[in-house]
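Written below as structure tokens is the structure these notes are about.
These values consider heavy atoms only, across backbone and side chains, with no hydrogens, waters or symmetry-generated copies. This structure is a prediction, so every number in the text was calculated from the model and none was measured. Order of the sequence lines fixes the chain letters, A, B, ..., with proteins taken first and strands second; residue numbering starts at 1 for each chain.
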Number of protein chains: 2
Amino acid sequence: MPPSANTGSKRPRSRRARGSINAPGILAGVFEFCRDTPVDQLSMPRLAAYLDVGVTSIYWYFKSKRELLDAMAEEALVSFYESMPALRGDAWEDVLREFFKNFYALLAVDDLKCDLIARRIGSLTYQETITSWPRAAELLAGLRDAGFPSSLAWHAFFTLSTYTRGFLLTERPAEDPAAAVPAAAQPSGVTVPEDFEFGITNIILGLRTLLPEDARDRDVA
Amino acid sequence: MPPSANTGSKRPRSRRARGSINAPGILAGVFEFCRDTPVDQLSMPRLAAYLDVGVTSIYWYFKSKRELLDAMAEEALVSFYESMPALRGDAWEDVLREFFKNFYALLAVDDLKCDLIARRIGSLTYQETITSWPRAAELLAGLRDAGFPSSLAWHAFFTLSTYTRGFLLTERPAEDPAAAVPAAAQPSGVTVPEDFEFGITNIILGLRTLLPEDARDRDVA
DNA sequence: ACCTGAACACCGTTCAAGT
DNA sequence: ACCTGAACACCGTTCAAGT
């Protein structure tokens, strides 16, 4: 009990210095908050208490909870894009497989990112993808280099990411708000990473069939 | 204004005959309620008012909102299974394609079923699938007849349904609770049915590659 | 401009009580 | 046994007011 503790036995009158909170601070705080608590249990009063500010302070920077969640999703997406490792492999098949294995692994390991990205954000358009996700743009360029017409390359990417998102959501169904039980029992769909990879292999085999004949035996640049 | 109208100008004292509500009645009522209002906006008090009973009456038959939603999902699933048309086509490729086109079309056209089935229910295990979904059991039997080892047949089914669910959720992202705007502007992912079919074709082509050699030229019995 | 406590209309759920 | 109105502890959001 340090001498600088609260003067009164009740709550401290002023909790934070006045200009000490702002949009980035709130964003950082909510991510910290969500390391202990699932997003579905995030509430504005709870977050305010955690940040040691009044609820209304949050509403000064974010017009609604929706807006806050959107900002979180945006930040999670950027961080996800950046954490995607560089493309590896010579054959387009290997590059594609590694890319989506990473896609899957990064989100499967991070519940919050998975909720924010795979659940909240649907899929992106072609334009959005190539402008905001450099690694995906590289991947698509690689597919074109391998001989895929660009619309086919995009369809391939779309199919694989739709499958990947579907798989992630299968493993991570809508949160039960009243889930006091820690874990111990997965709902039903007993899936393992090998199950995920089967689908990827399957789709890649199909793409090999779709690759125009004249591109089948091309060198790697 | 019929003479049998409420005696008082305020709310009628007793709304319903006493034994007039029960679990099936509530279930029927909530489906009716959800024809006008998205599930995400379903609340227990609202439903009670719609059914013209006290909230507590609902809690007598369903221990929680969760339990009510589970019962809805169960009923929606049964109805979905029954609405799947009989298998058609000679080649396994055609049968598979038609099956998943129907899967997609039935849920794409029915927001409530889509929410209940594609969003709430993850994927089913092999056992659950063949026991509760006769059409899927037929489909899997057909794949085995075509020469697919049974674990490969199941993986094929799982891949296709994961893709289908992913696609449906892409089109139908988490509901905005504050969506007063009727429609007019889809979020971003401009998808058309042809986009869906591309992925199905892609996966089927991959499966053709995976079909054991000795089964390639078999008759249709 | 930034931030506060108190309030509003809601929610899911439960209580004590009626029939 | 079935059902009620009233209450509880919460929620998202807004208000009038403080600095």
Nearest whole angstrom, please: distance from the [atom2] of [N] to the [atom1] of [X].
X	N	atom1	atom2	answer
Glu67(A)	dG12(D)	CD	P	15 Å
Trp60(A)	dC15(D)	CH2	P	14 Å
Met44(B)	dA9(C)	CE	C1'	19 Å
Tyr59(A)	dA17(D)	OH	C1'	19 Å
Lys63(B)	dT13(C)	NZ	C1'	13 Å
Asn22(A)	dA1(C)	CG	P	17 Å
Lys65(A)	dC11(D)	NZ	P	9 Å
Phe62(A)	dG12(D)	CZ	P	15 Å

Under a 3.5 Å distance rule, please check whether [X] uses its side chain to pair with a backbone N or O of [Y] as donor and acceptor.
X	Y	answer
Thr170(B)	Gly166(B)	yes
Tyr163(B)	Phe196(B)	yes
Asn102(B)	Glu98(B)	yes

### Task
Just call it for Leu42(A): base, sugar-phosphate, or nothing, with non-hydrogen atoms closer than 4.0 Å on any strand.
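It contacts sugar-phosphate atoms only.
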
### Query
Contact class for Ser43(A) vs. all strands (heavy atom < 4.0 Å): base, sugar-phosphate, or nothing?
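The residue Ser43(A) makes sugar-phosphate contact but no base contact.
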
### Message
Quiz question: going by heavy-atom distance under 3.5 Å, is there a donor-acceptor pair between the base of dG5(C) and the side chain of Thr56(A)?
### Response
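It does, because a donor-acceptor pair links the side chain of Thr56(A) to the base of dG5(C) below 3.5 Å.
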
### Task
From the options dT4(C), dG12(C), dC3(D), select the nucleotide whose nearest atom is closest to the side chain of Tyr61(B).
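Nearest to the side-chain atoms of Tyr61(B), counting from C-beta on, is dC3(D).
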
### Message
Just by distance, no angles: are the side chains of Glu67(A) and Tyr61(A) close enough, under 3.5 Å, to form a donor-acceptor pair?
### Response
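Absent: no donor and acceptor within the cut-off.
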
### Query
Who is the Watson-Crick or G-U wobble partner of dG12(D), with both distances under 3.5 Å?
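Pairing partner, where one exists within any strand: dC8(C).
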
### Query
Is there a Watson-Crick or G-U wobble partner for dC3(D) with both distances under 3.5 Å, and which nucleotide is it?
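Result: none.
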
### Check ion pair Glu32(A)-Arg35(A) (N to O, under 4.0 angstrom)
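Salt bridge absent between Glu32(A) and Arg35(A).
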
